[in-house]
Amino acid sequence: MKSTVTANANIALIKYWGKKDFDLNIPQNNSLSVTLDGLTTKTTVEFSSLYKHDELILNNILQSIEESKKLISFLNLIREKANINLFAKVISENNFPTAAGLASSSSGFAALALAGCDAAGLNLSKKELSILARKGSGSAARSIFGGFVEWAAGKIGYDESSYAMQLYDENYWPEIRVIVLVLEEGKKEVSSRSGMQSSVFTSPMYKSWLDTVNLDLISLKRALLEKDFTRIGSIAESNCLKMHSTMLTSNPPLIYWNANTLELVKYILELRKNGLEIYFTIDAGPQIKILCLEKDVLNLKKKLNSFDFINKIIDCSSGSGAFILNE
Ligand code: 2P0
């Protein structure tokens, strides 16, 4: 009863920031993402009667019970579905910084959902896996799939109504790139989970966010169909800034950027004014993700190399969904 899976993180072009059903982890709005081949989690789950409790080893470090709480409640969902009562050992590794605003929970829970189900002898459809992964972490619902993915928000109280689906697979647009700039590797101070609830309840901008996000989604889907990079970049960048306006106006304010994030945002705008077609998006952390086309990657990276505060540059294409690695 053992299975190993890899899954990639995803970056939202239309963001998820807030839930309408906290118990079922059902979001306020539909979101749309691209799965990234450079941000990968590899997870092994083994259920065995030899284990006397659940154990999580994350990036080679044994986690405390407190740190394993989310994992244990997630394993309980799998045990209930599979009708087993065995404990599990889970070994998980990310090839990128964990909990720093690089969507490690998206790849983490997508990998755990598939590896856990496979190890428990469950054969779920991708839609069912997406519903399950969502309950670990919302964005994980999207990482079950590769390429461009939409997560349908669904309805309050209806577990089965909220799941992701693939719009285009990872081969749809090989020229599109997401260049991830890692500025800080530490864990963020306010988790996305508590940050987004605070924005829902306290930001006076939250209603405007909800009023415009669906129009952004429709326009972005149209632009994707037409492979119109200019429109995709502008919509994604503006959607990201609208999400950050709900963060900034939360009480207490949520400021996930640092001074270097701001310096790079201004630099990106300047480069674009001078003809290099690049756009930024930022999640709940200081890291910047630049959307660009393959033809501009070398030139862009050369320019970025002059910033010594950029710790790491990860060049991503659109990547695959979660899959089982067992021989
Ligand atoms: C997203 N983020 O759409 C947005 C943009 C962060 C900013 O999904 O509470 O870790 O586990 O459902 O999925 C981060 O939130 O939150 C996130 P939970 P999650 O990618």
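When a ligand or atom number is given, it counts from 1 through the structure's own listing order. Atoms considered below: every heavy atom in the structure, side chains included; atoms not considered: hydrogens, waters and symmetry mates. Sequential numbering from 1 along the given sequence is applied to the chain's residues. No experiment lies behind these values; they were computed from the predicted model shown.
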Does [X], backbone or side chain, put an N or O under 3.5 Å from an N or O of ligand 1?
X      : answer
Tyr16  : yes
Ser31  : no
Ala140 : no
Ser137 : yes
Trp17  : no

Ligand-side contact atoms (ligand 1) for residue partner [X], heavy atom cut-off under 4.0 Å:
X      : result
Asn25  : 12 (O)
Gly138 : 11 (O), 12 (O), 13 (O), 18 (P)
Met243 : 5 (C), 7 (C)
Ala12  : 1 (C), 3 (O), 20 (O)
Lys15  : 3 (O), 5 (C)

In this structure, is the centre-to-centre distance between the rings of Phe307 and Tyr267 below 6.0 Å? yes

Quick test: of every protein heavy atom, which one is nearest to [atom], and how far off is it to 0.1 Å?
atom                    : answer
atom 1 (C) of ligand 1  : Arg142 NH2, 3.3 Å
atom 16 (O) of ligand 1 : Met196 CE, 3.5 Å
atom 7 (C) of ligand 1  : Asp283 OD1, 3.6 Å
atom 13 (O) of ligand 1 : Ser139 OG, 2.8 Å
atom 14 (C) of ligand 1 : Ser192 OG, 3.4 Å
atom 10 (O) of ligand 1 : Ser105 OG, 3.0 Å

Looking at Lys155, I'd like to know if its NZ atom is crowded, meaning that more than 12 non-hydrogen atoms belonging to other residues, nucleotides or ligands lie closer than 6.0 Å.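 Result for NZ/Lys155: open.
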
Can you tell me if OH on Tyr158 sees more than 12 non-hydrogen neighbours from other groups inside 6.0 Å?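 No, OH of Tyr158 has 12 or fewer neighbouring heavy atoms, counting only those of other groups under 6.0 Å.
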
Show the numbers, then the answer: is there a side-chain contact (heavy atoms from CB on, under 4.5 Å) between Cys117 and Leu129? CA-CA 9 Å; Cys117 286; Leu129 279 170; 4.1 Å; yes

Given Phe109 and Phe74, is the ring-ring contact (aromatic ring centres under 6.0 Å, His included) satisfied, shown in steps? CA-CA 9 Å; Phe109 277 97; Phe74 195 76; 5.3 Å; yes

Residue list, ring-ring contact (aromatic ring centres under 6.0 Å, His included) with Trp257, at least two apart or on another chain: His244

Does Tyr279 form a ring-ring contact (aromatic ring centres under 6.0 Å, His included) with Phe229? I'd like the steps, not just the answer. CA-CA 10 Å; Tyr279 300 87; Phe229 180 68; 5.7 Å; yes

Answer whether the closest heavy-atom distance between the side chains of Asn94 and Thr40 falls below 4.5 Å.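 SC-SC contact between Asn94 and Thr40 ruled out.
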
Worked check of ring-ring contact (aromatic ring centres under 6.0 Å, His included) between Tyr16 and Trp151: CA-CA 9 Å; Tyr16 148 53; Trp151 172 17; 4.8 Å; yes

Which option wins on minimum heavy-atom distance to atom 18 (P) of ligand 1: Lys135, Lys19, Arg134?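 Checking each option, the heavy atom nearest atom 18 (P) of ligand 1 is found in Lys19.
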
All side chain to side chain donor-acceptor pair (under 3.5 Å) counterparts of Ser31, not counting sequence neighbours: Arg142

Take Lys15 and Thr281 through the side-chain hydrogen bond (donor to acceptor under 3.5 Å, both in side chains) test and state the conclusion after the steps. CA-CA 10 Å; Lys15 306 292 187 188; Thr281 185; 2.8 Å; yes

